[in-house]
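Read through the structure below, which is laid out as structure tokens, and then see the notes.
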Amino acid sequence: MSFSSPFPEVDIPTASVYDYLFAGLSDAEADRVALIDAKSGRQTTYRELVSRIDTFAGALADRGLGVGDVVGLLAPNSSAFAVAFHGILRAGATATTINALFTAKDIAKQLTDSGAKMLITVTPMLEQAKEAAAGAGIADENLVVLDGEGLDAEGHPNAADLLAAGTPAPQVDFAPSAHLAVLPYSSGTTGNPKGVMLTHRNLVANVAQIRPLHGMVADDAVLAVLPFFHIYGMTVLLNAALHARARLVIMPSFDLGEFLGNIAEHRCTIAFIAPPVAVALAKHPLVDSHDLSSLNVVMSGAAPLDADLGHAVAGRLGCKVVQGYGMSELSPVSHITPFDRGILDMHDEAPLSSVGWTVSNAMSKLVDPESGDEIEFPTEGLSRTGELWFKGPNVMTGYLNNDEATKSTIDDEGWLHTGDLARVDAAGRVYIVDRLKELIKYKGYQVPPAESEAVLLAHPQIADAAVVGVRDAEGEEVPKAFVVKQKNAELTEAEVMAFVAGQVAPYKKVRQVEFIDAVPKSASGKILRKDLRSAG
């Protein structure tokens, strides 16, 4: 049976993302610092941010871009990214944000599929951007290099060229519930990337759903290392923090020393991470050499966080650790553990193994993937495992130009089928088991890779690990562990297998081990299992 959010309903205004975030900006709020570029130390106030967004939108309008047009954005985190992103939306255009790790071929594929008319990038990514733009039929004058030398010097306009006219932001008219704000592409960890159609209402709804539960306030300093081009960083970091009038301390990429140094220097109170960062926070000796006492909450997302690992981080840093759940198709948050673990709203703490409760204005249910029967909500303990389905105002409108994939993901009643296996407890808290398509089938038993990885990460000589299903000599699918050893660790394949075997049921034992230098992961922190399967 379905279960509704236990949290109070929230008001979701009929507004564009720009109006929702900035229309109510007071004079006092306008003078607050909105963005800090950590590497340069440059600060941007809310007043400056809004002014630059408006001018950027005017520049795009000057070039004929507006409602119905798509603009590609290929850049790492920076204040310039925030201005360009919100400038695109302010102009009425749609932003397709592109993974900064993509090759020219990947970029061109997304530009072509999305129908982008312009690509905005930065100098370090110019080489692949030029090749991709040419491949997608984008003219040189529509390849903008924000920090470049300019149109006269290199044939591509820069930010100064774009903003020189100082044209005011255009008056745009569209329906927030139908007009696409962003076109991120699904990660492709289990298939080909697809354009996820998210409207202004989808993004506004998700910020409205999570803001009261985060409890983020204007005095918070939020460390922003998760990429803004990914929906997690876009909504949970960039948009939610700006709505709270907090300070975003922006990092263009992850470096553990800089991550820790920025927390200490800027007295960050909140850090959003993915599980690979949690591994470093729990195990790396560098953590002990920084003052992290300002940190109140670490929130993990993008992939399941093992409870023991989370407790290790909480104990070492002396702060709360919580996790949530979502996906690009859900804008992205569908389940959340409040920053206080649930004490205020639910009068109970969510276990760290849980991703929390269904967000406001939404419903969930679990469905047996084989029979299609709904799984009963438990009166005590945990339910049986089933595929997690979700319904709410943050559900995408569909996949771009892919009706077949849309129909297989969102049914006629509006339920989005997540493809993730989960359980729910009697308090409505959800526990993610694993990806439905990533379960390893060993002799008829189901082996969740995430469970095996959690066991491996508990080994003191293992720095990181991933588990996938591979075929053995007899053609049987078996669990194989890819292991990254701690520096100077002496560890054999047999020792790894024995360690796991001592802690799991016989059918869950690791049958093969391969030592590697690094586990391949997406920019948001998801393990790229397809890369390991092809390598293994």
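Note that this is a predicted model, so its numbers are computed, not measured. Just so you know, residue 1 is the first one in the sequence shown, and it goes up from there.
- You'll find the side chain of V122 reaches within 4.5 Å of the side chain of P76, heavy atoms only.
- Applying the ring pair (Phe, Tyr, Trp, His ring centres under 6.0 Å) criterion to Y232, with sequence neighbours excluded, gives no partner residue.
- Applying side-chain contact (heavy atoms from CB on, under 4.5 Å) to I231 and the options V196, V333, L203 leaves one that passes, L203.
- Counting only distance, with no hydrogens or angles, the side chain of T96 and the backbone of P184 share no donor-acceptor pair below 3.5 Å.
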Between D113 and Q110, does a side-chain hydrogen bond (donor to acceptor under 3.5 Å, both in side chains) hold up when you go through it step by step?
CA-CA 5 Å; D113 189 72; Q110 183 168 333; over 6 Å; no
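- One N or O on the side chain of Q323 and one on the backbone of L305 form a donor-acceptor pair closer than 3.5 Å.
- Using a distance-only test at 3.5 Å, with no hydrogens or angles considered, no donor-acceptor pair links the side chain of T358 to the main chain of S5.
- The main-chain N or O of P378 is never found under 3.5 Å from a side-chain atom of S383 such that the two would form a donor-acceptor pair.
- H200 places a side-chain N or O within donor-acceptor distance of the main-chain N or O of V17, the cut-off being under 3.5 Å.
- A donor-acceptor contact shorter than 3.5 Å links the side chain of H290 to the backbone of L286.
- Using a distance-only test at 3.5 Å, with no hydrogens or angles considered, a donor-acceptor pair links the side chain of R529 to the main chain of V467.
- The main-chain N or O of K109 is never found under 3.5 Å from a side-chain atom of T112 such that the two would form a donor-acceptor pair.
- Within the model, atoms NZ of K480 and CD1 of I440 stand 12.0 Å from one another, a figure rounded to the nearest 0.5 Å.
- With respect to R316 and D288, a salt bridge is recorded, a charged nitrogen being found less than 4.0 Å from a carboxylate O.
- Remark: the backbone N or O of V395 is paired with a side-chain donor or acceptor of N202 at under 3.5 angstrom.
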